[in-house]
Amino acid sequence: MSIDLHDAVAVVTGAGSGIGRATAHAFARRGTRVVVTDRDAERAQAVAGELAGLPGPGGGSVAATCDVTDADDLRAVRDLALDRFGRVDLVMNNVGILAVGPVEDIPLEAWQHVIDVNLLSVVRSNLVFLPLLLEQGSGHVVNTASTAGLLPYGFDRLPYTATKHAVVGLSEALALYLRPRGIGVSCLCPAGVATNIVEQITRYGEPAPPQGPAFPVVSAESVGELVADSVSEDRFLILTAQQAAIELRDLGADVDHYLTRLIKDTP
Ligand SMILES: NC(=O)c1ccc[n+]([C@@H]2O[C@H](COP(=O)([O-])OP(=O)(O)OC[C@H]3O[C@@H](n4cnc5c(N)ncnc54)[C@H](O)[C@@H]3O)[C@@H](O)[C@H]2O)c1
């Protein structure tokens with residue numbers, strides 16, 4: 001069921017920076033033609049320009065301006081991919097933003113915006129791209145969540161934590177539906193990655209002290225490689241810090257004990 005990245009066609013959202021950019025590079029190096037999409041047109045163009053220097057099909061990648069809160073933008077990306085390349089094999093739903101602060105200081109409107117960007121963007125993308133993949137009976141979807149979507153530590157960024165948990169749950173159930181239909185699903189749950197993510201943070205109230213496991217920060221380039229390899233091998237859960245797997249096992253063994261330990265360990 002795994003897809004051959006050579007000569008495949010990928011759409012990556014939020015590909016103008018960080019993990020999306022690095023994954024677009026990793027796909028293109030393997031011969032995938034990438035539709036590099038971002039809300040920021042200049043960034044999308046710049047990354048497509050970087051890929052244009054590559055030998056092979058990846059050098060034919062193109063840019064598109066796409067805000068994932070706009071279904072028309074996503075439909076335009078689908079139409080561009082079909083016009084240029086005739087198909088879509090791989091969709092990476094990668095955009096994420098944060099509203100950070102004490103929960104009582106984060107307004108409802110901020111919650112609604114984070115839900116729109118982090119969760120409903122995946123729903124919109126599914127509505128646009130899944131009919132194509134289902135008709136083909138092949139393809140792969142990568143949803144970028146976070147370790148904050150697996151583990152209870154992001155209490156200072158609750159809309160992020162809640163939406164990333166939702167993306168994990170959505171992805172797991174989607175795998176049950178899509179895999180028997182020939183379509184792979186992966187859920188990327190990075191820990192710290194060196195990117196421009198601070199630009200996507202809106203802050204409310206006083207900063208809260210950190211709580212929970214601290215994970216090593218890795219490069220975006222290493223995450224891009226990991227994602228491309230995981231898609232080739234049709235792996236569902238993609239972790240950038242193996243410590244997260246240990247935390248997840250401890251959480252699953254006894255949730256009450258895990259929460260009590262986290263609270264006790266907080267200075
Ligand atoms: N960097 C980390 O430590 C980390 C950890 C866990 C999860 N993640 C997740 O990885 C994903 C990528 O983040 P990153 O760290 O590469 O961030 P980044 O800021 O480097 O890149 C995000 C890109 O998304 C674009 N973007 C923002 N809003 C958009 C919108 N509405 N529509 C389209 N594009 C939009 C930005 O212009 C930017 O180019 C996010 O979902 C994030 O939650 C990141």
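Every number for a ligand or one of its atoms is a count from 1 in the order of the listing. Please read these numbers as outputs of a predicted model, since none were measured by experiment.
Within 4.0 Å of ligand 1, heavy atoms belong to protein residues G14, G16, S17, G18, I19, D38, R39, R43, C66, D67, V68, N94, V95, G96, T144, A145, S146, Y160, K164, P190, A191, G192, V193, T195, N196, I197, Q200.
Residue pairs meeting the salt bridge (charged side-chain N to carboxylate O under 4.0 Å, His left out) criterion with at least one member in residues 11-24, sequence neighbours excluded: R21-E50, R21-E221.
A salt bridge does not link R261 with D254: every distance from a Lys NZ or Arg NE/NH1/NH2 to an Asp or Glu carboxylate oxygen is 4.0 Å or more. Under the 4.0 Å criterion applied to side-chain N and carboxylate O atoms, D116 and R124 are assigned as salt-bridge partners.
Taking OG1 of T195 as the start and CD of Q200 as the end, the distance is 8.5 Å to the nearest 0.5 Å. Between N93 atom CG and L188 atom CG the span is 11.5 Å, to the nearest 0.5 Å.
Cation-pi check for R87 over F85 is not met; the charged atom does not lie both under 6.0 angstrom from the ring centroid and within 45 degrees of its normal.
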